[in-house]
Structures are given as C-alpha cells and as structure tokens.
A.B. asks: 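Below are the structure tokens for one structure; questions will follow.
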Amino acid sequence: MVGSTILKLDGLSKNFGAFQALQNISLEIFEGEFLTIVGPSGSGKTTLIRLLVGMDEPTEGEIRLRGKRIEGTPANKRPTCMVFQSLALFPHKTVGQNIEFPLKIRREPQDRRQERANELLDLLRLPRDYYHKRIAQCSGGEQQRVALARALAFDPEILFFDEPLSALDYRLRKALEKELKDLHERTGKTFVYITHSLEEAMVMSDRIAIMNAGQFEQIATADQIYAKPVSKFVAEFMGEVNLFDIDGSERSGIAASALHSRENLNLGLVDDEFGTLMVRPEFIRQIDGEGNSDFWVFGKLRAEYLLGSRLHYEFECKDGTTLTVEKLREDRLSCVAGDEVLLGWDVENTHLIRSGG
Ligand code: ADP
Ligand code: MG
C-alpha cells in the first residue's frame, strides 16, 4: 500500500566546481512505494542518492523526511540505509555476524540479535545454517541476499539501492529482481532503486523517474512512460521505437517524406506546431494496399533478427530511414531480405510528442 509523502525533494542542485551534476530536482516519494530512478551512466543518479542518504550535501535545495528538513543531517543520523553495488560485506566474518552488525552497533543483546538474524535469513530465503557460514564461502547471489538482510537489520524507513545487481550475471539478476520486488511487498518498506537498466526498472517499480543530464525528464508508471513518453529521449530510452517528425503547417501534417496517412486524419496538432509521432514496433503490420490503415510506408526488408519468442525486422523506407517492426514468432512476416512491402498502423497506436511551434 502506497501512502503519504515520506521524502520530499525540493529544488535540489549539486555542483562540483563549475559542473552542475543535478539541476533543480523536485520529487515526492510516497510511503511504501517502489520508486526506480533510471538514466544513462553519468546522468546524476549516484549523486542524487548520495544526497538522499546523507553521504553528501546539496549545493541548493531542501530534503524533507516526513516534513522535517534533513539535508544537513549526516548518514548515520538518518533512518535510511543504502545497498551498494559493491556489497561492502565483511568477507572473513560469518553471515550471522554480517547481518547482526547493525544490531551490534545498537548494543542489542546477543540472543535478540541471533533471533532477528534468523528471521532475516528466513525472509531472504537463506537456510538458517548459513548463520555460521563465512561470506567468502557464499556465492554471489547469496552474498547479495546477505547484504539485503543486513540492510533490513538496520530497520530503515527507506532503503536506497544503487545498482546492486549490475555486477551479477543475467540469470541471477533476473531472479533477484523478482525477489526484490517480492521483498518489497513483504516488508512494506519504501524502496528507492537506481539502475541504468530499464528492464530492471519495469519489472520492479510502482513508478519510474527517468533522469537525463541531472534532471528528471518524466516521472510516471512504467506503462505510462512506455506508451506516452513526454520526450524523444524518454521514448528512445524505453526500448525500440519509430519516430516521425510532424509539422502542423503541412497539409497532411506530416513532414517525414516516407510516411503516408489517410486524409483528414486528426493528429491533434494546430498550425505551426511541431511534434514527433511515435509508434512502437509491435503495432506495425503488413498491409495489402495503401489506405488499409491510418498510416503506411513502403519498406524494403533489410534484416530479420530472432530474439527468442519475438522477431525484429528492420525495413528501409524510401527516404533511407529505418522502420523497426516486431512480431511474435508465430506471427512471422512472409517476406525475405530485399522484398518491398507495405507496412501500416493505426492512429490509436501512436503517441504524439509535442515539441512546440
Ligand atoms: P550516474 O550515477 O548516473 O552514472 P553520477 O551521479 O555518478 O552519475 O555522476 C554524474 C556526473 O557528476 C558525472 O559527470 C560525474 O563525472 C560527476 N561527478 C560525480 N561525482 C563527482 C565528484 N565528486 N566530483 C566531480 N564530479 C563528479
Ligand atoms: Mg552511479
């Protein structure tokens, strides 16, 4: 259950000398939500999360935890906890000693510590006899779970994660993504997760914030971001996409030379407005004649790629641009490289990104 605002960032900026790593960031994080911040390398994700946990101070702006300003409070005085990519476990100590570390700092008695460690082993689905196992003898995935158990032993109000799975191999990463989502549901805690992998964000999150060059481009659910991106950056970041420039002053509304559309199609652009028309590859189909769909292009098949259960087709349009089409394996297109075909899609499967006028 997602509740009231737990953390509020207001006008946060961070400068390193003349370089502005974060520019006027504002965001509300809700109690119990799983929020993921996604962005390319160097976009400012780690810088932001360091401010949120108290490892660094903002140049400007406020951070409020349940209404109380905390931007000057050091990390060890905040009820938050960070899980890093490098797990920072004590390799020569046991799993139990690692998990109990936060409880030891708080001077909890040994029997209470061990009881809690066992509960956390159960929660993370590690066998209880791992309590005595050394970290160095655990696999990568097990170590990741121990790090999570230790983070939970702090009993933080918010857990922050900075790309904790990026060093793991694909299968383990996939398994842990699901476990993290499940752990979030079982603990009811607020999770703020950073990744550069969109797939990871889509699997786990309630909301996704897309970061680009120190600013948020869009904050919304995965579905909204996928179907209705606010910018070309977001559209392209969210997987394969076909984009066409459109121009409200053209009679057809279409500036892209290879694209045709049914007459009197209302794209929602007024005169001198510009925009980009987006269509995802899975909405494009092979059609028999011009006008059998709202939009169409002539495309020459350049290449076909098999991606497990799906296929990607790359077509070359008349103006040299590329059109990507996606089909399920069982809906394979009946054309071979070099064939020219008509490809169409309908207006309800498009999205207009306005860019002004
Ligand atoms: P991300 O985590 O999204 O990959 P970072 O937040 O680590 O990005 O970095 C954002 C930008 O800020 C990068 O250009 C990086 O070089 C710069 N940066 C980060 N930390 C420092 C620092 N301590 N001093 C100078 N520049 C920094
Ligand atoms: Mg980083």
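Both ligands and their constituent atoms are indexed starting at 1 by order of listing.
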A.B. asks: Applying side-chain hydrogen bond (donor to acceptor under 3.5 Å, both in side chains) between D182 and each of R186, K178, H184, report the one that passes.
C.D. replies: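 Of the listed options, the one satisfying the test is R186.
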
A.B. asks: Which atoms of ligand 1 have any heavy atom of P40 under 4.0 Å away?
C.D. replies: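 Here the atoms of ligand 1 in question are 3 (O).
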
A.B. asks: Enumerate the atoms of ligand 1 whose separation from the nearest heavy atom of T47 is less than 4.0 angstrom.
C.D. replies: 5 (P), 6 (O), 9 (O), 10 (C), 19 (C)

A.B. asks: Go through the side-chain N and O atoms of T195 and E163 and say whether any donor and acceptor fall under 3.5 Å apart.
C.D. replies: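 Checked: T195/E163 side chains show no N/O donor-acceptor pair below 3.5 Å.
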
A.B. asks: My question is simple, although I want it checked carefully: is atom 25 (C) of ligand 1 less than 4.0 angstrom from any protein heavy atom?
C.D. replies: yes

A.B. asks: Is E273 salt-bridged to R354, cutoff N-O under 4.0 Å?
C.D. replies: yes

A.B. asks: How about atom 5 (P) of ligand 1: does it have a protein heavy atom within less than 4.0 Å?
C.D. replies: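 So far as the 4.0 Å threshold goes, atom 5 (P) of ligand 1 is in reach of a protein heavy atom.
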
A.B. asks: Could you tell me the residue and atom name of the protein heavy atom closest to atom 23 (N) of ligand 1, and the distance to it rounded to 0.1 Å?
C.D. replies: F16 CE2, 3.4 Å

A.B. asks: Below 3.5 angstrom, do we get any N/O pair linking G44 and ligand 1?
C.D. replies: yes

A.B. asks: Quick one: CG on N242 to CD on E236, what's the gap to the nearest 0.5 Å?
C.D. replies: 10.5 Å

A.B. asks: Considering non-hydrogen atoms of the protein only, which is the closest contact for atom 7 (O) of ligand 1, and what is the distance?
C.D. replies: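 That would be T46 CB, 3.7 Å.
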
A.B. asks: Within ligand 1, which atoms have a heavy atom of F19 less than 4.0 Å away?
C.D. replies: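 Result: 11 (C), 12 (O), 14 (O), 17 (C).
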
A.B. asks: Can you check which of S43, A21, G42 brings a heavy atom nearest to atom 13 (C) of ligand 1?
C.D. replies: G42

A.B. asks: Which atom names give the shortest non-hydrogen contact between I99 and A153, and what distance separates them?
C.D. replies: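 Taking every non-hydrogen atom into account, O-CB, 3.3 Å.
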
A.B. asks: Listing by chain and number, which protein N, O or S atoms are under 2.8 Å from the Mg ion (ligand 2)?
C.D. replies: T46 OG1

A.B. asks: Given E100, which of K93, E108, Q114 fulfils the side-chain contact (heavy atoms from CB on, under 4.5 Å) condition?
C.D. replies: Q114

A.B. asks: Do we get R150 above F90's six-membered ring, with its NZ or CZ under 6.0 Å from the centre and within 45° of the axis?
C.D. replies: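 Yes, R150 lies over the aromatic ring of F90.
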
A.B. asks: Give a yes/no verdict on a cation-pi contact between R280 and Y226, requiring under 6.0 Å between NZ or CZ and the six-membered ring centre and an angle within 45° of the axis.
C.D. replies: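 Yes, R280 lies over the aromatic ring of Y226.
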
A.B. asks: Nearest 0.5 Å, please: how far is CD in Q215 from CG in L48?
C.D. replies: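 L48 CG to Q215 CD: 12.5 Å, rounded to 0.5 Å.
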
A.B. asks: Does R66 have more than 12 heavy atoms from other residues, nucleotides or ligands lying within 6.0 Å of its CZ?
C.D. replies: yes

